[in-house]
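So the structure is just underneath, and the comments pick up after that.
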2 protein chains.
Amino acid sequence: MNTIEVFLESKKVRPTAMRMLVYKYMTQSNVAKTLGDIENAFTKADRTTLYRTLKTFEEKGIVHQVDDGTGTIKYALCEAGCNCDIDRDLHLHFHCSNCRETICLTEHKIPQINLPDGYVAEDMNLVVKGICEHCSGQ
Amino acid sequence: MNTIEVFLESKKVRPTAMRMLVYKYMTQSNVAKTLGDIENAFTKADRTTLYRTLKTFEEKGIVHQVDDGTGTIKYALCEAGCNCDIDRDLHLHFHCSNCRETICLTEHKIPQINLPDGYVAEDMNLVVKGICEHCSGQ
DNA sequence: CAATAAATGCACTTCTATTGCATGGCTACT
DNA sequence: AGTAGCCATGCAATAGAAGTGCATTTATTG
């Protein structure tokens, strides 16, 4: 039993070979991935399987969706202990317009927002676009 | 010369009949509209024309895109004097998960965000999801 | 081992965004 | 006014991603 297997089981996800590979792939960078990215990384696997794997991961709190405004949904690992809880877990995402990658800035929580009366917040998404550390240092 | 015509010309957009209608339509609510919404409002117009009208408006600073996470792009009028300037013009958007409408909260600017060294911000997008004033008051 | 449930793979559909090309109308210039 | 050329419009087709239905394989449980 390797650690990935143990982890997936702790999340109530049956640790199939494919799921372990996808999870491992996600851990290898903090860059959010599209379904297409993952598809390219695992050419032997079917798109639908990967699609449903990500949906399952999302339901079980293993990954969260990132909508960075490019029009295609990306996925990134949740932090340890994350419940995607408003006020606590929501971090911001940075989209680099040069390398087109989207990075989770998990240390940077979304600041408190005051809404007008009558509005109830349940979730929020903050994406900052610009030039990332790597691309600006050139 | 009506005011819409004058306005469009001031933005260097030739005021065609179609463009004036679309602009007028946009002024009638502060709810962001998808291309599909506009298409339904003007059944006689071609989808492509509306699409390109919005693109033109966007380029000329008349509307801005709103990405509320529903997967379809929406458009909303820029405020008067808006340059979509970071630090000044960026307001937040509220997406109601009940009525599924997205509202520009133009009075609510996005708070100052601190980024790690090396990151340069050029634009940002903040969407709060939840229940809007109208839907929560029921 | 049989029965059942879950995961996978394939094909297809849907929805939106986007582009190419032909046509029509307006503008500007002579 | 006549004409060339640009810009706007409309139609048709494509692209790209998300999502669904169904058959098949794999795994689990008794």
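Below, chain A is the first sequence line, B the second, and so on; all start at residue 1.
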Are A/Y75 and A/F57, when compared by the centres of their aromatic rings, separated by less than 6.0 Å? no
Please report, rounded to the nearest Å, how far the C1' atom of C/dA6 is from the CE atom of A/M18. 16 Å
Among all residues two or more places apart in sequence or in another chain, which pass the side chain to side chain contact (heavy atoms under 4.5 Å, CB included) test with B/C104? B/H64, B/A76, B/H91, B/H93, B/T106
Would you mind reading off the distance between A/D67 atom CG and D/dA17 atom C1', rounded to a whole angstrom? 13 Å
Distance in angstrom units between A/M20 CE and C/dT8 P, rounded: 11 Å
Whole-Å distance, A/D37 CG to D/dA17 P, equals 10 Å
B/L8 has an atom CG; how far is it from atom P of C/dC26, in whole Å? 17 Å
For A/R52, which residues count as a side chain to side chain contact (heavy atoms under 4.5 Å, CB included) partner, sequence neighbours excluded? A/T48
A/K24 atom NZ, over 12 foreign heavy atoms within 6.0 Å: no
B/D37 and B/A32 have their tightest heavy-atom pair at OD2-O, 4.3 Å
Partner set under salt bridge (charged side-chain N to carboxylate O under 4.0 Å, His left out) for A/E59, not counting sequence neighbours: none
Does B/M124 belong to the same Ile/Leu/Val/Met/Phe/Trp/Tyr cluster as B/F94, with side-chain heavy atoms less than 4.5 Å apart forming each link? yes
Count the heavy atoms belonging to other residues, nucleotides or ligands that lie under 6.0 Å from CD of B/Q28, then report whether that count exceeds 12. yes
Can you tell me the distance, in whole Å, between the CD atom of B/E39 and the P atom of D/dT9? 15 Å
Enumerate donor-acceptor pairs with a distance under 3.5 Å from any side-chain N or O in residues 110-119 of chain A to protein atoms, sequence neighbours excluded.
none

Roughly, in whole Å, what's the span from CG in B/L21 to P in D/dT9? 11 Å
Output the rounded distance in Å from CZ (A/R19) to C1' (C/dG9). 14 Å
Where protein sits on nucleotides 24-30 of chain D, one letter per nucleotide: B base, S sugar-phosphate only, - none, heavy atoms under 4.0 Å: ----S--
Would you list the protein and nucleotides 14-21 of chain C atom pairs, both N or O, that sit under 3.5 Å from each other?
unit_1	atom_1	unit_2	atom_2	d
C/dA17	OP1	B/I73	N	3.3
C/dT18	OP2	B/Y51	OH	2.8
C/dT18	O5'	B/Y51	OH	3.0
C/dG20	O6	B/R52	NH2	3.1

